[in-house]
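This report concerns only the one structure given below.
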Amino acid sequence: MRRDTISELDTWKDDPLRKPLLLLGARQVGKTWLMMEFGKTRFKNTVYIRFDLDTLVKQNFEQDMNVKRLLSVIQLHGGRAITPGKTLIILDEIQECPHALTALKYFCEEAPEYHIIAAGSLLGLYEHQGTGFPVGKVDMINLYPMSFSEFLRATGNEMFADLLTSRDQSLINSFSPRLSELLKIYYYVGGMPEAVNAYVATGDLLRVRKVQDTLLQGYRNDFSKHAPGPTAHLIGQIWNSIALQLSRENKKFICKDVQPGMRMRQLEDAMQWLVNAGLIYQVSRISKPAVPVAAYKERIFKVFYLDVGLLSAMCGLSAKILLEPSRIFSEFKGALAEQFVQQELRLICREAPVYWVSESNQAEIDFIIQHDAELIPIEVKAETNLQAKSLKLFCKKFQCPRAVRMSMAHWNNQGIPIGDDNQICNLLNLPLFATHQLISILESGQP
């Protein structure tokens, strides 16, 4: 398995001004595997500490913040010398030892020559912010479920991953049917590493679904384990409602879909719990596309799961429906396409995407991303429908010079007239399976 995030870890490793690193991400996205793989391939040796199991080390961190003593403890625990530049120190499940989280500040100040990576429950780390959290003393990298490109490489389709990276439009269009088929499999399997491993090992989609169901049950167990009773119940209701929310053409989050008569103020704590745990993502609506985007966010949003495969599992979407298209699938494929694009955009964009709806509700831009100082509207189509009514309205109203339409149609660049004066908006028609290449395309000057 190859994770693209390892290149970010390489950059961190070689940075002379690096700080201890916090690897952030939801449970089961592969943080421990990535840290161990990084240590195995980039360092002479690795010392691994897991605070929910290594109680003696935990007790020593709780004793004081003497860095020299703590380094001795880590060395004795690992049974090997810790050499700056040659040893990676991994502090896993660090939320189980708040003192260790605080100690990262002192490692940063007093022992910056050592390479230290910490990871743990995203929710647990959020709970410790403001209570000894080493603000400004750690670097942070986010780890998400595996991208479609990573999925291709993991499943023996490296040549197709390389083809997408090449951005050879003609050749990509030639192999569009095969790439579209692989994308539909990804819609089902998703990017959770355990599910991908099950697919690679067996090719059995039913086995993949069993893995996904186990992951989902584990998340539900977390609701009751880590949240107070009433909040845990609401968390579960929100979690179960998201598939329904995404199945509608208007995907705005509606409280009554959680429970009739419910109001947002009653759901805010439960919703924030899911966000903090990295299990859902909110895409906010903006009143107008302007920079800074945060100034124009409204209290209206769409909600997505962390992974498209988990969305398929939550809906009970069978492999037969997915791989042998039917009416049932055609009614839900828009939700899968939008979930997928949202997931890929979070990997490649510095800022989270937002969306826009006209005052008359007659036009909607599925996503808007910021590229440098420019806002790029993105319309998502599940198949080859190439109507661009919303994009035309948006580009005319806000004098937008370029836009993106993602669909199963071929990759091409075209101009579309957006006004009586024949003003042309540069429109990039990008296949859904090439979403990961969007930023590279924009930076290359296309369209």
Side-chain angles (χ1 to χ4, degrees), residues 1-25 27-122 124-125 127-129 131-143 193:
M1 184 181 296
R2 168 180 161 182
R3 300 303 305 268
D4 293 340
T5 306
I6 206 161
S7 64
E8 295 183 61
L9 296 181
D10 286 334
T11 299
W12 169 79
K13 176 181 181 292
D14 297 332
D15 185 354
L17 300 179
R18 72 178 176 277
K19 305 170 185 176
L21 177 66
L22 271 178
L23 187 61
L24 305 175
R27 284 208 315 114
Q28 303 298 326
V29 295
K31 297 187 294 297
T32 299
W33 180 90
L34 180 62
M35 292 188 297
M36 296 298 288
E37 180 71 8
F38 183 58
K40 183 174 71 173
T41 58
R42 268 61 171 182
F43 290 85
K44 183 177 181 180
N45 53 60
T46 300
V47 176
Y48 178 78
I49 294 169
R50 181 169 165 172
F51 283 106
D52 61 337
L53 298 178
D54 300 325
T55 55
L56 180 60
V57 179
K58 180 179 177 181
Q59 290 169 3
N60 275 277
F61 269 86
E62 291 172 342
Q63 182 175 327
D64 60 47
M65 299 291 174
N66 185 306
V67 169
K68 288 185 178 179
R69 188 184 67 82
L70 291 175
L71 284 169
S72 296
V73 169
I74 294 170
Q75 184 166 275
L76 290 168
H77 171 82
R80 65 192 67 183
I82 297 176
T83 306
K86 296 183 178 180
T87 304
L88 178 66
I89 300 171
I90 298 175
L91 306 178
D92 207 356
E93 301 295 344
I94 197 170
Q95 81 284 347
E96 298 294 332
C97 183
H99 288 81
L101 187 61
T102 303
L104 295 180
K105 170 185 176 181
Y106 300 99
F107 280 109
C108 174
E109 294 174 344
E110 301 175 27
E113 66 273 24
Y114 292 92
H115 289 82
I116 302 174
I117 297 183
S121 160
L122 191 58
L125 294 175
E127 289 175 345
H128 291 302
Q129 287 193 1
T131 56
F133 191 88
V135 178
K137 300 298 181 179
V138 290
D139 295 321
M140 299 186 192
I141 291 177
N142 291 303
L143 183 64

Item to check | Heavy-atom neighbours of R69 CZ exceed 12 at 6.0 Å | outcome: yes
Next on the checklist: Test side-chain contact (heavy atoms from CB on, under 4.5 Å) on T83 and K44; report intermediate values, then the result.
Outcome noted: CA-CA 9 Å; T83 306; K44 183 177 181 180; over 6 Å; no
Item to check | Pairwise distance NZ(K31) to CE(M36) - rounded to 0.5 angstrom | outcome: 15.0 Å
Item to check | Check: D10 and R42 side chains under 4.5 Å, non-hydrogen atoms | outcome: yes
Item to check | CA sep, side-chain torsions, deciding dist, call: H115, W12, side-chain contact (heavy atoms from CB on, under 4.5 Å) | outcome: CA-CA 9 Å; H115 289 82; W12 169 79; 3.9 Å; yes
Item to check | Identified side-chain contact (heavy atoms from CB on, under 4.5 Å) counterpart of I116 within the set I90, I74, L21, I89 | outcome: I89
Item to check | Minimum heavy-atom distance between L9 and I117, given as atom pair plus value | outcome: CD2-CD1, 4.4 Å
Next on the checklist: Taking the side chain as everything from C-beta on, heavy atoms only, tell me whether Y114 gets closer than 4.5 Å to V67.
Outcome noted: no
Item to check | Atom of M1, atom of W33 and distance for their closest heavy-atom approach | outcome: O-CH2, 3.1 Å
Checklist entry - Would you call F107 and L71 a side-chain contact if the rule is heavy atoms closer than 4.5 Å? => result yes
Next on the checklist: Rounded at 0.5 Å granularity, tell me how far CD1 in I6 sits from OG1 in T11.
Outcome noted: 11.5 Å
Checklist entry - Heavy atoms, side chains only, cut-off 4.5 Å: are R80 and V47 in contact? => result yes
Checklist entry - Once you round to the nearest 0.5 Å, how far does OG1 of T87 lie from CG of N45? => result 3.5 Å
Checklist entry - Just by distance, do the side chain of Q75 and the backbone of I82 share a donor-acceptor pair under 3.5 Å? => result yes
Checklist entry - How far apart are the closest heavy atoms of A119 and M35, and which atoms are they? => result CB-CE, 3.6 Å
Checklist entry - Below 4.5 Å, heavy atoms only, C-beta onward: do M65 and H99 meet side chain to side chain? => result yes
Item to check | Worked verdict on L56 versus H77 for side-chain contact (heavy atoms from CB on, under 4.5 Å) | outcome: CA-CA 9 Å; L56 180 60; H77 171 82; over 6 Å; no
Item to check | Heavy-atom closest contact (I94 atom, A118 atom, distance) | outcome: CD1-CB, 3.6 Å
Item to check | Gap separating the CD atom of E110 from the CG atom of N66, nearest 0.5 angstrom | outcome: 7.5 Å
Checklist entry - Can you tell me how far the OG1 atom of T5 sits from the CZ atom of F38, to the nearest 0.5 Å? => result 11.5 Å
Item to check | Heavy-atom side-chain proximity of P134 to K19 below 4.5 angstrom | outcome: no
Checklist entry - With side chains defined as the heavy atoms from C-beta onward, is the minimum distance between E62 and C97 less than 4.5 Å? => result yes
Next on the checklist: Can you list everything that forms a salt bridge (Lys or Arg N to Asp or Glu O under 4.0 Å) with E93? Sequence neighbours excluded, please.
Outcome noted: none
Item to check | CA sep, side-chain torsions, deciding dist, call: V138, L101, side-chain contact (heavy atoms from CB on, under 4.5 Å) | outcome: CA-CA 10 Å; V138 290; L101 187 61; over 6 Å; no
Checklist entry - Side chain of Q95, backbone of S121: donor and acceptor closer than 3.5 Å? => result yes
Checklist entry - What heavy-atom pair brings C108 and P20 nearest, and what distance separates the two atoms? => result CB-CD, 3.6 Å
Next on the checklist: Let me confirm one number: the CG-CD distance from D139 to E8, rounded to the nearest 0.5 Å.
Outcome noted: 11.5 Å
